[in-house]
Amino acid sequence: MDKLTIQARPHAFSYQPNTSALIVIDMQRDFIDSGGFGESLGNDVSRLQKIIPAVKRLINGFRGVGITIIHTRECHLPDLSDCPDAKRYRGNPGLRIGDPGPMGRLLVKGEPGVEIIPALAPIPGEKVIDKPGKGAFYHTDLQEFLQDQHIETLFFAGVTTEVCVQSTMREANDRGYFCLLARDATESYFDVFKQTTIDMIEAQGAIVGWTATVDDILTSFHA
Ligand code: C5J
């Protein structure tokens with residue numbers, strides 16, 4: 001199969017659709033809706049809500065051409081045995097991981113807050129990875145899944161840019177994947193962190209990966 005090319009930054013990015021996957025990171029109610037974990041840390045969740053249409057367009061585009069889609073959710077077991085104290089007892093949030101909130105216990109598997117927001121809900125056949133860490137490879141079967149599917153290239157979207165998205169991209173780099181982040185389909189609670197992360201990813205000849213807009217990516221499907 002011929003390679004497709006995206007007009008990406010810092011330079012053009014070529015990939016084969018049949019060995020590519022889109023990973024949508026943590027578009028969960030706990031990070032995006034009011035009353036969740038993100039807001040308990042004092043963040044303005046409306047910043048993250050603004051990218052929902054762009055993420056939806058990206059997902060629909062990938063569905064349209066049949067490229068593998070994976071969704072991740074940051075969450076912990078109900079007994080919190082996979083949530084180290086170093087993670088739970090950090091800072092001074094209004095509520096901690098595991099505490100009851102308006103959408104159930106924060107970041108606990110099976111609670112309403114852990115669900116992916118309805119607008120971006122996975123459809124049957126799309127893999128959902130529950131991860132206890134920031135990176136999606138840690139304590140998950142992501143690597144085995146990607147190897148089984150012969151995936152070489154990963155596209156990324158989701159939240160937050162500098163935390164779970166960047167951690168997963170870095171983990172993916174170490175495992176040998178080509179990585180591209182959809183710039184307008186990712187967001188941070190902090191404008192400067194988003195921009196700096198994108199700069200960092202692209203620097204030194206794409207040291208962490210390439211970036212492109214949703215339009216650039218979708219255009220490549222029909223080149
Ligand atoms: C955070 C995430 N920010 N999904 N999680 O704690 O980026």
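Indexing begins at 1, ligand by ligand and atom by atom, following the structure's order.
- Closest to atom 2 (C) of ligand 1 among all protein heavy atoms lies C164 SG, 2.8 Å.
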*Decide side chain to side chain contact (heavy atoms under 4.5 Å, CB included) for S188 and V159; before the verdict, give the C-alpha distance in whole Å, the side-chain angles of both, and the deciding distance to 0.1 Å.*
CA-CA 6 Å; S188 166; V159 298; over 6 Å; no

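- Salt-bridge check for K194 with E162: failed, with every basic side-chain N at 4.0 Å or more from each acidic carboxylate O.
- Between D30 and R73 there is no salt bridge, since none of the side-chain N atoms of the basic residue sits less than 4.0 Å from a carboxylate O of the acidic one.
- Classification of K127 and D141 as a salt-bridged pair holds, one side-chain N sitting under 4.0 Å from a carboxylate O.
- Minimum interatomic distance between I67 and S20 (heavy atoms only, all atoms of both residues): CG2-O, 3.3 Å.
- Closest protein heavy atom to atom 4 (N) of ligand 1: D26 OD2, 2.7 Å.
- Counting only heavy atoms of the protein, atom 6 (O) of ligand 1 lies nearest to K134 NZ, 3.4 Å.
- Using 4.0 Å as the threshold, Q28 has no heavy atom nearer than that to any atom of ligand 1.
- Of the protein's non-hydrogen atoms, F31 CE2, 3.7 Å is the one closest to atom 1 (C) of ligand 1.
- Remark: minimum distance from atom 5 (N) of ligand 1 to any protein heavy atom is reached at E74 OE1, 2.9 Å.
- Applying the 4.0 Å criterion to heavy atoms of V163 picks out, from ligand 1, the atoms 1 (C), 3 (N), 7 (O).
- When heavy-atom distances to ligand 1 are checked against a 4.0 Å cut-off, T160 comes that close through both its backbone and its side chain.
- Within the 6.0 Å centre-distance limit, the rings of F155 and F62 are counted as a close aromatic pair.
- Only the backbone of V159 comes within 4.0 Å of ligand 1, judged by heavy-atom distances.
- Between R9 and E202, at least one side-chain N (NZ, or NE/NH1/NH2) sits under 4.0 Å from a carboxylate O, which counts as a salt bridge.
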